[in-house]
Amino acid sequence: MDPILLVCYLKAKADPNFQLILTHDKLIIVYKGKSQVFYRRNILNIELSKKKLIVPLVIGGIGTSMAIVAMSMGWYHRQLNLLTIFFFFAVMYYGFVGKDALELFEKGHSNVYLINKVLPSIRRFIGFFNSSQAFLQYTGQNFIYHLAEPKEWEEQLTNENYTTKGLEAEGFIHASTREQLQATYERYFSDRDTMVLLTIVPDFLSNKVVHDYSHASKEHFPHIYGPINKTAIVRLMYYTTKKQDIPLE
C-alpha cells in the first residue's frame, strides 16, 4: 500500500473501526471495522446529509396507529394507551428527524454511512478531499520532490499540512528537482532503508517556493517557505535503496 496522505476519525475517540483513510489515489472507508476501497478517479463528490431512518419510521407509525385504535375502542387502560402513543410517536419522530450521514457519490450510485455526530475534523476532511479532487486532472510536469522521514510523516496523518523540524530551524522545507533527487537521497538519507517521497506541484502550494543557491552543492534547490499543504501533493510513494524509479505523473 502507498503511504497515507490524510486520516480522519468518524468518532471523537480515535477509533480505528470508524475512519477515513486517504492516499494519493484511493479513499478507504473503515466503517464498523469493515473496509471499502474507492478509487479517487471514480468519486464525484463527498458530502454530509441527513438520512431518515426507515425502521423507526415504520415501527413508530404502526405502533402509534394501533395504540390510537386501541384507545378509541376502549381497550386496555387509557393512561397506558396514552403512554404507548407517546412512545411510538417519539420513535416515529426519531426516524423522521434521521441521523447525520456521510455520503459518497460515484457515477450512478451513492454510499451512505451514518454517523453519530458531525465533528469539525470530518467537515475539514470533506473540504480537503473535494478541493484536492480538482487537482487530480493536473497533466503538467512541473514537480518538486521532498523526502520525508516515515516517523515524522506518520505523526502528522490527521493534519492537513505537513511540516518539518527543518522549517523551524531554517525557515524553509528542503525540496529537490527530479534530477537532484537521487543525489539528495544519497547525500543525506543513504543510511535509511525507506523514506516517504512527496511529489508536489509548486503552483498548488499555499506558501512560496524559492530556488536558493547551495554553495555546498553549487546548484539551486527549491525551498518551500512554510508548511506543505497536502492538497499540493499529487503522489506519495516509498523511496528505498531498491526502488529509485520515480513515475512520471
Side-chain angles (χ1 to χ4, degrees), residues 1-12 14 18-31 35-51 100-113 115 117-146 148 152-164 167 172-173 175 196-209 222-237 247-249:
M1 180 179 171
D2 290 321
I4 294 171
L5 179 66
L6 190 65
V7 168
C8 175
Y9 293 99
L10 298 176
K11 293 188 174 183
F18 294 86
Q19 60 177 322
L20 308 173
I21 302 171
L22 187 66
T23 70
H24 71 272
D25 66 340
K26 298 181 187 72
L27 173 63
I28 303 165
I29 299 181
V30 183
Y31 189 76
S35 300
Q36 280 185 283
V37 179
F38 302 91
Y39 285 92
R40 293 182 61 180
R41 63 178 178 270
N42 298 328
I43 300 173
L44 300 177
N45 189 31
I46 297 179
E47 64 182 41
L48 292 167
S49 61
K50 278 279 190 183
K51 291 295 178 182
D100 291 310
L102 181 75
E103 194 163 6
L104 181 149
F105 295 91
E106 295 182 289
K107 292 181 180 178
H109 69 282
S110 65
N111 298 271
V112 176
Y113 305 89
I115 52 180
K117 184 179 180 182
V118 178
L119 303 171
S121 57
I122 297 176
R123 293 190 185 278
R124 289 196 299 269
F125 181 93
I126 292 174
F128 175 94
F129 179 86
N130 290 329
S131 297
S132 65
Q133 282 294 89
F135 299 152
L136 292 182
Q137 306 303 319
Y138 181 77
T139 56
Q141 297 297 324
N142 180 31
F143 303 119
I144 58 175
Y145 302 87
H146 172 76
E152 191 171 40
W153 176 259
E154 289 165 7
E155 287 173 346
Q156 302 180 57
L157 291 183
T158 57
N159 298 340
E160 297 168 50
N161 298 308
Y162 168 73
T163 189
T164 67
L167 176 61
F172 58 81
I173 295 175
V196 178
L197 177 64
L198 284 57
T199 301
I200 302 165
V201 179
D203 290 343
F204 296 166
L205 285 167
S206 300
N207 293 294
K208 66 178 180 179
V209 177
H223 292 156
I224 304 166
Y225 281 80
I228 298 171
N229 52 294
K230 292 182 179 179
T231 49
I233 301 170
V234 293
R235 186 176 179 86
L236 278 175
M237 62 180 286
L248 286 171
E249 301 299 324

Would you call the rings of Y162 and W153 parallel, tilted or perpendicular, taking 30° and 60° as the class edges? tilted
I need the N142 CG to D203 CG distance, nearest 0.5 Å. 5.5 Å
Locate the shortest heavy-atom distance separating D2 from H24; write the atom from each residue and the value. OD2-CE1, 3.0 Å
Does the side chain of T23 reach to within under 4.5 Å of the side chain of D25, using non-hydrogen atoms? yes
If you compare all heavy atoms of G226 against all heavy atoms of I173, which two are closest, and at what distance to 0.1 Å? O-CD1, 3.4 Å
Minimal non-hydrogen separation, N229 against S206, with atom names: OD1-N, 2.8 Å
In terms of the angle between their ring planes, are F18 and Y31 parallel, tilted or perpendicular, with boundaries placed at 30° and 60°? perpendicular
Taking N161 for the side chain and P227 for the main chain, is one N or O donor matched with an acceptor at less than 3.5 Å? no
With sequence neighbours excluded, tell me which residues meet side chain to side chain contact (heavy atoms under 4.5 Å, CB included) with R124. P120, S121, E160
With a 4.5 Å limit on heavy-atom distance, are the side chains of I224 and V209 in contact? yes
Given side chains that start at C-beta, do those of L22 and F125 come closer than 4.5 Å, heavy atoms only? yes
Is the backbone N or O of N159 less than 3.5 Å from a side-chain atom of K230, with the two atoms forming a donor-acceptor pair by type? yes
Any side-chain heavy atom of L236 sitting closer than 4.5 Å to one from L197? no
Please tabulate, one pair per line, all N/O donor-acceptor pairs under 3.5 Å involving side-chain atoms of residues 105-112, not counting sequence neighbours.
| from | atom 1 | to | atom 2 | distance (Å) |
| --- | --- | --- | --- | --- |
| E106 | OE1 | H109 | NE2 | 3.0 |
| S110 | OG | E103 | OE2 | 3.2 |

Give the C-alpha distance, both sets of side-chain angles, the deciding distance and a yes or no for side-chain contact (heavy atoms from CB on, under 4.5 Å) between I46 and L102. CA-CA 7 Å; I46 297 179; L102 181 75; 3.6 Å; yes
Using atom types as modelled and distance alone, determine if a side-chain donor or acceptor of Q156 lies under 3.5 Å from a backbone N or O of T163. yes
Residue pair I4 / L157: nearest heavy atoms and the distance that separates them: O-CD2, 3.3 Å
Partner residues of V118 under the side chain to side chain contact (heavy atoms under 4.5 Å, CB included) criterion, sequence neighbours left out: L48, D100, I115, R123
Any side-chain to backbone donor/acceptor pair from Q133 onto N45? Under 3.5 Å, distance only. no
Shortest non-hydrogen contact from I122 to C8? CA-SG, 3.7 Å
Distance check, rounded to the nearest 0.5 Å: L167 atom CG versus N207 atom CG? 8.5 Å
Take F143 and I200 through the side-chain contact (heavy atoms from CB on, under 4.5 Å) test and state the conclusion after the steps. CA-CA 5 Å; F143 303 119; I200 302 165; over 6 Å; no
Out of the candidates L20, L119, V30, only one should pair with L10 under the side-chain contact (heavy atoms from CB on, under 4.5 Å) rule; please name it. L20
Can you name the nearest heavy-atom pair linking Q36 to F38, along with the distance? CB-CE1, 3.7 Å
What distance do T231 atom OG1 and L5 atom CG have between them, rounded to the nearest 0.5 Å? 9.0 Å
Look up atom CD1 in I233 and atom OG1 in T199, then write down how far apart they are to the nearest 0.5 Å. 9.0 Å
L6 vs F128, test: side-chain contact (heavy atoms from CB on, under 4.5 Å). Steps then yes/no. CA-CA 9 Å; L6 190 65; F128 175 94; 3.6 Å; yes
